[in-house]
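In what follows, a single structure is set out as structure tokens and then discussed.
Whatever order the structure lists ligands and atoms in, that order sets their numbers, starting from 1.
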Amino acid sequence: MVQPIQFTGEDRSNATRLTLCDKEPVALRTFTPSQAVFAKSAGIFHFTPEGRRLYDYSSGVLVANLGHNPRRWMQRFCSYMGWKPEHIAGGETSGYFEAVTLTAYNAMTELEATAVERLLANLRSSVGGNRCEQVMWAASGSEAVQKALWACLHRDESRDIILATRYGFHGKKGLAGAVTGSETDHDRDPRVKFISFPMQECDDLSKSDDDFDVSPYRAELDALKQEHGRRINCLITEPYLGGGGSYHPPAAYLQMLQEWCRANDVILILDEVQANFGRTGKMYAFEKYGIEPDIVCLGKGLGNGVPVSAAVGRADLMGSLKYGEGSDTWSANPLACAAVLATLDEFEDSAVLDQTAKLNAVFIEGLMRMKETGIISKVRGEGMVFGIECADVGGHASNDIAIKVVEKCYLGRDGIGIHLLGALAGNVLRVSPPMTMTLEDAHASLDLLESLLQELATSL
Ligand SMILES: Cc1ncc(COP(=O)(O)O)c(C=O)c1O
């Protein structure tokens, strides 16, 4: 058994850590030095069993864009499912009540039809959503990516080559794993060829996109075309490298990829699994970057916490798969459809995107200030998704500093801390609180972060 992380004074949390460390393989979760235990959550806060309050700087992993347990979202979700308070009130524990089924495998529900229509209408009313003609539901982001790639490969089986942007993250399973990372990772799928993604050009918010030169990136694509000709089937990229360390490219890069794909009859897949539903400041990242993907992959924030994802795109591509080739137990299940509808309702009726714009300004100013502590060397991001890169400090490598920051923020001060994810790419900490955060909480949490970083810097 791996030694479980234990913190003094956290008996209940420690007991949970101990059980899970013993009864589940460590592989199930990514390493985060806090191993926070959540007893309950509301809005932008998690509460530990000991009653400590943690600002959630991760939103799950960019899932709870609307915060945790939002009341109106929950009311809408329950209403789509047909759940009423009297169904579970009154102490009756036997029998059944009439509501939408939790599973409709090999059948259809009106809820699913409503969810498809509403999602397509929302996508198609966004600039760049014109090619969103059919929805291939899935349960996780990697499955949506897998289904998107299956659709492309089935379109023409003589065209077997997939281009993917290097150091992207599309998931761990199947073809999603195959297009993740780079050619130096082990067991590469020979059909996948990696292309460069501009990282140096956008490794800090202080850099300008103005003199970005697309020509070396286009030359790389042309060389691959020379080598593989019409075998090149599709190109998959994230709008920005998320898991790879939060690198947000100049729009000209993605626009060049699209131009090249169109000129060479290559399908463009945009994996927005973490960027969708407002994270970039726009409802969809394709709007932000001024492109029109053939397939867009959605996930995470799509259900605000209920597992659901989708590949949405051209009907001719989706139609290349036959009966059953994209089916599984959970895809399009009613619970997922109700969650998507409730989430769409919130985005369409509330001012969450306006709030995101306001929060963006506060976070840019606040995070740039963190550099003065000496702990943070670079800040990257857009909308409400940021990466702060740790520096090497006092003989400690930046990767170790990132671990110390997560721990320090977890422990916080006076019963209040900050929940951070384990580092991306070793030394980058993700900052992506729910976009429903108030400006007051934004300032208060940034002030707390700054003083914790200052304290850490003096202790090193
Ligand atoms: C861009 C992107 N694509 C795909 C995935 C995989 O999603 P899941 O973990 O739901 O399979 C992720 C997860 O972080 C992601 O960020």
Closest to atom 2 (C) of ligand 1 among protein heavy atoms sits Phe169 O, 3.2 Å
Just to confirm my output: which protein heavy-atom neighbour is closest to atom 13 (C) of ligand 1, and how far is it? Lys300 NZ, 3.1 Å
Ligand 1 atoms nearer than 4.0 angstrom to some heavy atom of Gln274 are 16 (O)
Would you mind listing which atoms of ligand 1 come within a distance below 4.0 Å of any non-hydrogen atom of Ser142? 6 (C), 7 (O), 8 (P), 11 (O)
Do the ring planes of Phe7 and Tyr410 sit parallel (below 30°), tilted (30 to 60°) or perpendicular (above 60°)? tilted
Only heavy atoms of Ser140, strictly under 4.0 Å: list the atoms of ligand 1 that pass. 10 (O), 11 (O)
Which atom pairs, one a donor and one an acceptor, fall under 3.5 Å between side chains of residues 418-436 and the rest of the protein, sequence neighbours left out?
residue	atom	partner	partner atom	Å
Asn427	ND2	Ser398	OG	3.0
Arg430	NH1	Ser246	OG	2.8
Arg430	NH1	Phe386	O	2.9
Arg430	NH2	Gln274	OE1	3.2
Ser432	OG	Ser58	O	3.4
Thr436	OG1	Leu66	O	3.3

Counting C-beta onward and ignoring hydrogens, is there a side-chain heavy-atom pair between Met437 and Tyr57 closer than 4.5 Å? yes
Check contact between Glu143 and ligand 1, using heavy atoms of the residue and a distance below 4.0 angstrom. no
So is Asp271 in contact with ligand 1, going by heavy-atom distances below 4.0 Å? yes
Measuring centre to centre across the rings, with the benzene-like ring taken for any Trp, is Tyr240 within less than 6.0 Å of Tyr247? no
Can you name the side chain to side chain donor-acceptor pair (under 3.5 Å) partners of Thr343, sequence neighbours left out? Trp73
Quick one: does Val145 get an N or O within less than 3.5 Å of an N or O on ligand 1? no
List every atom of ligand 1 that sits less than 4.0 Å from any heavy atom of Glu238, numbering the atoms from 1 in the order shown and giving each element. 1 (C)
Tell me, which protein residue and heavy-atom name are nearest atom 10 (O) of ligand 1, and how many Å apart are they? Gly141 N, 2.8 Å
Ring centres under 6.0 angstrom apart (Phe197, Tyr253): yes
Between the side chains of His170 and Thr180, does any donor sit under 3.5 Å from an acceptor? no
